[in-house]
Amino acid sequence: MNTSTLLTLWYKKNMRDLPWRQVKNPYVIWVSEIIMQQTRIAQGLPYFNRFIDKFPTVEHLANASIDDVLLVWQGLGYYSRARNMHQTAQTIVADYKGMFPKTAKQLQKLKGIGEYTAAAISSFCFNEKVPAIDGNVYRIISRIYDVREPVDKAKGKTLIYDLVSQLLPVQNCGDFNQALMDFGAMVCTPRQASCNICPLASQCQAKLKGTVEERPIKSKITKVRQRYFMYLLVTDGKNILIQKRDNNDIWKGLYELPLFELEKSMEVDAFLNLPEVKAGLPPKPMVLLDDFEPASHKLSHQTIHAKFLLFGSASLPKINGYKSILISNFDDYAFPKLIERYLNGRIKKIMKTKIWGSIKSL
DNA sequence: AAGTCGGGGCC
DNA sequence: GGCCCAGACTT
């Protein structure tokens, strides 16, 4: 039996029961694909359900505010996905009469829809015969054919594209593409692949040569930047200051506490004596009530070494660019995980202590 | 072509 | 600590 038939048969028996598997609604498929980019199903699933619940149609999404979209996205990461989705929803409503285009080529013109997602939507919903090549496919094809070309370079990408294109069945191409996803997630996994139950084991070149664990080959090495953040939580016991991140940096569009970024790690005392800090701090009377250093916050490309300083102030100063909100309402705003943990953890505990009550008498 | 963009799970 | 996950965009 040929490779694609074996994979399709395996899929019919073993397919995962995912909420978007029962529908051919391009909006729902689109939402699922964007949310799942670079994300494990288990992590993305609750976000998908909340997202569809909150924005059941492309019109709901188009009419929402970006802050509301980011609030649903909070904690998932890669926030440009949410910003691009919001923009594309508005494009679909304004320029496409609320209907998604049906070909991969047209879909790829939309913001946030690249080659993979365009192929996924058009093949899943409209059965277009195009390969949807994601990380699973790079891995599976690299193993079946024992590809030694790095898959993160143009030559390797083209090779994988050609190889998987030859496997595409004429009919039910969408099912075949989804079969590869599930097969990669359940059998041909990155580590400890289940070759013992693999229907392709006898024809898998990597299995025959013993190179399964070494495929696919990747050439890139990600360099991790170290960053040092000093966050200030300034409060009168009731309100806090926050700001929106609008520059071209991580967490764009999310809210955060007033921030000083430092070149290197610094003790709290030294930090407070910096001229720019003295000048930037709100006027007295203000008192340092707590300092806290969580474990370093690791992103794929940056490690954030953060410290949080809690300041009590008799009255909350008005500073340009900052917004004053009720601390009890902080979950109405989308924060990075690093901030959200601090507010929900350390600060919630402190709020129940005498220290917190004493702020009000400053 | 290389760099940037999150967070979490697993080894 | 490193790798990977239903990748795309910017430079």
Side-chain angles (χ1 to χ4, degrees), chain A residues 15-16 18-21 28-48 70 73-85 87-88 107-121 123-124 131-140 142 150-158 174 176-186 188-193 213-225 227 245 247-254 256 295-304 334-341:
Chain A
M15 65 181 286
R16 289 176 290 184
L18 301 171
W20 53 88
R21 277 279 159 77
V28 174
I29 298 298
W30 172 57
V31 171
S32 75
E33 290 303 330
I34 302 296
I35 287 182
M36 294 306 158
Q37 284 171 9
Q38 296 294 288
T39 305
R40 290 171 196 283
I41 297 293
Q43 185 188 2
L45 210 44
Y47 283 88
F48 170 81
L70 285 170
W73 211 272
Q74 175 182 29
L76 188 58
Y78 285 152
Y79 300 94
S80 65
R81 293 182 292 172
R83 299 194 307 270
N84 290 337
M85 277 189 89
Q87 182 184 330
T88 287
L107 283 161
Q108 215 178 323
K109 292 178 183 169
L110 298 164
K111 197 84 169 172
I113 300 184
E115 194 172 358
Y116 161 77
T117 303
I121 297 172
S123 70
F124 296 176
I133 304 176
D134 73 331
N136 290 302
V137 178
Y138 282 121
R139 184 172 61 256
I140 297 166
S142 287
V151 297
D152 55 358
K153 295 206 162 184
K155 201 172 170 184
K157 285 184 199 295
T158 304
F176 177 76
N177 282 335
Q178 300 199 64
L180 285 174
M181 313 281 169
D182 281 10
F183 187 71
M186 299 164 74
C188 199
T189 50
R191 281 178 303 248
Q192 304 219 10
E213 291 289 320
E214 302 158 33
R215 300 287 180 272
I217 289 177
K218 297 188 178 178
S219 61
K220 283 179 190 161
I221 35 167
T222 51
K223 231 179 88 180
V224 178
R225 175 156 69 123
R227 298 179 75 174
R245 287 182 69 89
N247 50 354
N248 225 7
D249 198 353
I250 55 172
W251 302 329
K252 182 178 178 183
L254 273 63
E256 67 178 352
S296 58
H297 187 72
K298 293 177 190 299
L299 311 180
S300 48
H301 51 293
Q302 296 182 16
T303 296
I304 312 292
F335 293 103
K337 263 292 175 188
L338 175 65
I339 312 276
E340 186 265 330
R341 278 202 196 100

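Throughout, protein chains are lettered first and strands after them, A, B, ... in sequence-line order, and every chain is numbered starting at 1.
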Can you tell me if [X] touches the phosphate of [N], counting only side-chain N or O atoms and a distance under 4.0 Å to OP1 or OP2?
{"X": "A:His297", "N": "B:dG7", "result": "yes"}
{"X": "A:Lys298", "N": "C:dG1", "result": "yes"}
{"X": "A:Gln302", "N": "B:dC5", "result": "yes"}
{"X": "A:His301", "N": "B:dC5", "result": "yes"}
{"X": "A:Gln38", "N": "C:dC5", "result": "no"}
{"X": "A:Trp251", "N": "B:dG7", "result": "yes"}
{"X": "A:Lys337", "N": "B:dG8", "result": "yes"}
{"X": "A:Tyr138", "N": "C:dG7", "result": "no"}

Look at all strands and tell whether [X] reaches a base, only sugar-phosphate, or nothing, counting heavy atoms closer than 4.0 Å.
{"X": "A:Gly184", "value": "nothing"}
{"X": "A:Glu115", "value": "sugar-phosphate"}
{"X": "A:Ile133", "value": "nothing"}
{"X": "A:Lys111", "value": "sugar-phosphate"}
{"X": "A:Arg341", "value": "sugar-phosphate"}
{"X": "A:Trp30", "value": "nothing"}
{"X": "A:Ile35", "value": "nothing"}

Could you list the residues that satisfy side-chain contact (heavy atoms from CB on, under 4.5 Å) with A:Glu256, not counting sequence neighbours?
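With neighbours one apart ignored, the set is A:Tyr231, A:Gln243, A:Arg245, A:Leu259, A:Ile339.
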
Run the side-chain contact (heavy atoms from CB on, under 4.5 Å) test against A:Pro150 and tell me which residues pass, sequence neighbours left out.
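Counting only residues at least two positions away or on another chain, A:Pro150 forms a side-chain contact (heavy atoms from CB on, under 4.5 Å) with A:Asp152, A:Lys153, A:Ile217, A:Ser219.
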
Set out, line by line, the N/O atom pairs under 3.5 Å between protein and nucleotides 2-4 of chain C.
residue : atom : partner : partner atom : Å
C:dC4   : O2   : A:Arg40 : NH2          : 2.8

Side chain of [X] only, please: which of [options] is the nearest?
{"X": "A:Gln37", "options": "C:dA8, B:dG6, C:dA6", "result": "C:dA8"}
{"X": "A:Thr117", "options": "C:dA8, B:dG8, B:dG6", "result": "C:dA8"}
{"X": "A:Asp249", "options": "B:dC5, C:dG7, C:dC9", "result": "B:dC5"}
{"X": "A:Tyr78", "options": "B:dG7, C:dA6, B:dG6", "result": "B:dG6"}

Looking at the base of [N], is there any donor atom on it, or on the side chain of [X], that sits under 3.5 Å from an acceptor on the other one?
{"X": "A:Thr39", "N": "B:dG8", "value": "no"}
{"X": "A:Arg21", "N": "C:dA6", "value": "yes"}
{"X": "A:Gln43", "N": "B:dG8", "value": "no"}

With DNA chain C as reference, determine whether A:Met36 or A:Leu110 sits nearer its 5' end, using the nearest nucleotide of each.
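Nearest-nucleotide comparison on DNA chain C picks A:Met36.
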
Please figure out whether A:Asn84 or A:Ala185 has its closest DNA chain C nucleotide nearer the 5' end.
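The residue mapped nearer the 5' terminus is A:Ala185.
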
Between A:Ile34 (CD1) and C:dA8 (P), how many Å, whole number?
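For the pair A:Ile34 CD1 and C:dA8 P, the rounded distance is 7 Å.
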
What is the distance, rounded to the nearest whole Å, between atom CE of A:Met181 and atom P of C:dC5?
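To the nearest whole Å, that distance equals 12 Å.
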
Partners meeting side-chain hydrogen bond (donor to acceptor under 3.5 Å, both in side chains) with A:Gln38 (sequence neighbours left out)
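In terms of side-chain hydrogen bond (donor to acceptor under 3.5 Å, both in side chains), with neighbours along the sequence ignored, A:Gln38 is linked to no residue.
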
Going by side-chain hydrogen bond (donor to acceptor under 3.5 Å, both in side chains), name the residues that satisfy it together with A:Asp182, two or more places apart in sequence or in a different chain.
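side-chain hydrogen bond (donor to acceptor under 3.5 Å, both in side chains) list for A:Asp182, sorted by chain: A:Arg16, A:Arg21.
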
Nearest heavy atom decides the nucleotide; on that basis, is A:Lys220 or A:Gly77 closer to the 5' end of DNA chain B?
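Mapping each residue to its closest nucleotide by heavy atoms, the 5'-most match is A:Lys220.
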
Of A:Lys153 and A:Asn248, the one whose closest DNA chain B nucleotide lies more 5':
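Upstream on the strand: A:Lys153.
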
Atom of A:Val151, atom of A:Ser142 and distance for their closest heavy-atom approach
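Between these two residues, the closest heavy atoms are CG1-OG, 3.4 Å.
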
Give me the atom names and distance for the closest heavy-atom approach of A:Lys337 to A:His297.
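The answer is CB-CE1, 4.0 Å.
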
Those residues that, when tested against A:Phe124, pass ring pair (Phe, Tyr, Trp, His ring centres under 6.0 Å) (two or more places apart):
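A:Phe124: no ring pair (Phe, Tyr, Trp, His ring centres under 6.0 Å) contacts found.
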
Do side-chain atoms of A:Tyr78 reach the backbone of A:Ile35 as a donor and acceptor pair under 3.5 angstrom?
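Checked: no pair found.
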
Side chain A:Thr88, main chain A:Lys111, donor-acceptor under 3.5 Å
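Side chain of A:Thr88 to backbone of A:Lys111, a donor-acceptor pair under 3.5 Å: yes, one is there.
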
